[in-house]
Peer 1: 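Provided herewith is a single structure, encoded as structure tokens, for subsequent inquiry.
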Amino acid sequence: MSGNSGRASKMGVEVEWNYSEERQELVLTCLRAPFFVSADDVNRKLHTLVSETLLA
């Protein structure tokens, strides 16, 4: 992910993000996922990626 907003897809999962510098808020939205990937799995992976980025 790069930039304050955009879309990315990998292995059938498509996500959209929008970061507001003013509000210091990041909104991540899963737009599409294959039937064999649960919403919990997508949420867990997004949470991990954000946490790792904050620690870097």
Peer 1: Using a 4.5 Å cut-off on heavy atoms from C-beta on, say whether the side chain of V15 contacts that of L28.
Peer 2: no
Peer 1: Distance check, rounded to the nearest 0.5 Å: L49 atom CG versus L54 atom CG?
Peer 2: 11.0 Å
Peer 1: Is there a path of hydrophobic side-chain contacts, each under 4.5 Å between heavy atoms, that joins V42 and V50?
Peer 2: yes
Peer 1: Scan the side chains in residues 29-36 for donor-acceptor partners under 3.5 Å anywhere in the protein, sequence neighbours excluded, and list what turns up.
Peer 2:
from, atom 1, to, atom 2, distance (Å)
R32, NH1, E14, OE1, 3.3

Peer 1: For residues N4 and W17, report the shortest heavy-atom separation together with the two atoms involved.
Peer 2: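 Closest pair (atom of N4, atom of W17, distance): O-CD1, 3.7 Å.
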